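These numbers come from a predicted model, not from an experiment. Atoms considered below: every heavy atom in the structure, side chains included; atoms not considered: hydrogens, waters and symmetry mates. Numbering of ligands and ligand atoms starts at 1, following listing order.
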Amino acid sequence: MKKHNYSAGPCILPQEVFEEASQAILNFNNSGLSILEISHRSKDFVEVMEEARNLSLELLGLEGKGYKALFLQGGANMQFLMVAYNLLGKKAAYLNTSTWSSKAIKEAKLFGEVNVVASSEDKNFSYIPKGFKIPDDVDYFHCTSNNTIFGTQIKKFPSTKVPVVCDMSSDIFSRQLDFSKFDLIYAGAQKNMGPAGTTLVVVKEDILGEVERKIPSMLDYKVHISKDSMYNTPAVYAVYVSLLTMRWLKANGGIAAIEEQNEKKAALLYSEIDINPLFKGFTATEDRSIMNATFNLSKDSLKDKFDRMWKDAGINGLNGHRSVGGYRASMYNALPLESVQVLVDVMSDLERGA
Ligand SMILES: *Cc1c(COP(=O)(O)O)cnc(C)c1O
């Protein structure tokens, strides 16, 4: 039986996508060939790449606004350094909201001065800093929209004159934002867009070409743009499955419709966390992520019982990240509301039996 999959990433994708993706391994587009054995320069795959690039811009409402979409390799971790390589001339501003932003900061420091404008490290990254100033003399401002590990999410992005770069790995395509306020968005596919192996980069072309340093071809956004994201052999299968997931999203009403679903799922779980005395949420209420909900048991002695109960209910992947402990329910786009109901029922059964 299919599990209720709360895995933080790689994670659940729509069941239809798994089915269609598995068909393509056996016989892609009725070609008599597997998608795994055709040239990435073949017409069939070039069309996949083109549709994937166009559809990502369409879903984000960025068509015809000077943006290019790329499907690169090396994960979001590669973007930590690629962003700085391409954009950091002298100085950049970073917001530190946890592990992932800290890693981005570490890489950026190899290329120039990094001004950490605010950090939530003082309270173990359980909130989103607010009211900080972004200097006008920096090359860009970098933030992480959703803190996958600790479960916080930026609800209101700071306004600034400088280009805004955002790591949206764990909430891409999950909620409506004015994406044209961002100059570069990147997202490792394996949280909300597809399988591991490719990273979506959406970049406003006019912010490129400002730094003086020489950039190796594989790390140069302009090179990848000039080759339509096919400078080297792309991660063909990861791009294809990402395309299927984006098609699924579009067919189901796009980001507006999925956001409504995501809000419902999050509201259902957080209300149980709040009314059930056996649980407490980890993060500041106003900064709660609708993607990754983190919580703890109020009594450690209930751990074995609770763990047995949710596993018996067919739930997978509820353990918190090793750096936080407790529990983390990742409710990405493809997780159905029914799966959240199953978890909430287990939580209230625990209260009734305790
Ligand atoms: C998972 C994650 C990453 C790391 O992604 P990789 O593809 O493994 O490099 C970076 N940022 C955020 C916000 C993430 O959730």
Enquirer: Between the side chains of S174 and N262, does any donor sit under 3.5 Å from an acceptor?
Expert: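 Their side chains do not contain a donor-acceptor pair, so the 3.5 Å distance test is not met.
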Enquirer: Report, in ascending order of atom number, the atoms of ligand 1 lying under 4.0 Å from any heavy atom of G75.
Expert: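 Listed by number with element, the hits are 7 (O), 9 (O).
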Enquirer: Per the ring-ring contact (aromatic ring centres under 6.0 Å, His included) rule, which among Y6, F306, F282, F279 passes with Y327?
Expert: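 It is F306; the other options fail the test.
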Enquirer: Check ligand 1 against S169 and write out every atom of the ligand that is under 4.0 Å from a heavy-atom position of the residue.
Expert: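 Listed by number with element: 10 (C), 11 (N), 12 (C), 13 (C), 14 (C), 15 (O).
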Enquirer: Counting from 1, what ligand 1 atoms have a heavy atom of T144 closer than 4.0 Å?
Expert: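 The list of qualifying atoms is 13 (C).
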Enquirer: Considering heavy atoms of the protein only, find what lies nearest to atom 9 (O) of ligand 1 and give residue, atom and distance to 0.1 Å.
Expert: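 Nearest protein contact, heavy atoms only, for atom 9 (O) of ligand 1 is N77 ND2, 2.6 Å.
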Enquirer: What pairs meet the side-chain hydrogen bond (donor to acceptor under 3.5 Å, both in side chains) rule with one or both residues in residues 268-284, with sequence neighbours excluded?
Expert: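 Counting only pairs at least two positions apart or across chains, the side-chain hydrogen bond (donor to acceptor under 3.5 Å, both in side chains) contacts touching residues 268-284 are E272-N276, D274-R288.
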Enquirer: Tell me the protein heavy atom at minimum distance from atom 8 (O) of ligand 1, and give that distance in Å.
Expert: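 So the nearest neighbour among protein heavy atoms is Q190 NE2, 3.4 Å.
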Enquirer: For the rings on Y221 and Y186, is their centre-to-centre separation under 6.0 Å?
Expert: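 No, the ring centres sit 6.0 Å or more apart.
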Enquirer: So, do Y94 and Y140 have ring centers that fall under 6.0 Å from each other?
Expert: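 For Y94 and Y140, the ring centres are under 6.0 Å apart.
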Enquirer: Identify the closest protein heavy atom to atom 11 (N) of ligand 1: which residue and atom is it, and at what distance?
Expert: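 The protein heavy atom lying closest is D167 OD2, 2.6 Å.
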Enquirer: Tell me the protein heavy atom at minimum distance from atom 2 (C) of ligand 1, and give that distance in Å.
Expert: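 In this structure, atom 2 (C) of ligand 1 has K191 NZ, 2.5 Å as its nearest protein heavy atom.
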Enquirer: What's the shortest distance from atom 15 (O) of ligand 1 to any protein heavy atom, and which residue and atom give it?
Expert: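 In this structure, atom 15 (O) of ligand 1 has T148 OG1, 2.5 Å as its nearest protein heavy atom.
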Enquirer: What atoms of ligand 1 come within less than 4.0 Å of a heavy atom belonging to F80?
Expert: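 Counting atoms of ligand 1 from 1, those under 4.0 Å from F80 are 10 (C).
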Enquirer: Are Y67 and F179, when compared by the centres of their aromatic rings, separated by less than 6.0 Å?
Expert: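 Ring-ring flag for Y67/F179: false, centres at least 6.0 Å apart.
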Enquirer: Only heavy atoms of S170, strictly under 4.0 Å: list the atoms of ligand 1 that pass.
Expert: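 That gives atoms 15 (O) of ligand 1.
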Enquirer: Counting only heavy atoms, which portion of Y186 has something under 4.0 Å from ligand 1: side chain, backbone, both, or neither?
Expert: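 Looking at Y186 and ligand 1, no heavy atom falls under 4.0 Å.
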Enquirer: Can the ring centroids of Y240 and F28 be said to lie less than 6.0 angstrom from one another?
Expert: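 Yes: the rings meet the under 6.0 Å criterion.
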Enquirer: Minimum distance, heavy atoms only, to atom 6 (P) of ligand 1: which one of S145, S330, A76 is it?
Expert: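 Heavy atom nearest to atom 6 (P) of ligand 1 belongs to A76.
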Enquirer: Taking the side chain as every heavy atom from C-beta outward, state whether E113 and V138 have any atom pair closer than 4.5 Å.
Expert: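 No. Closest side-chain heavy atoms not under 4.5 Å.
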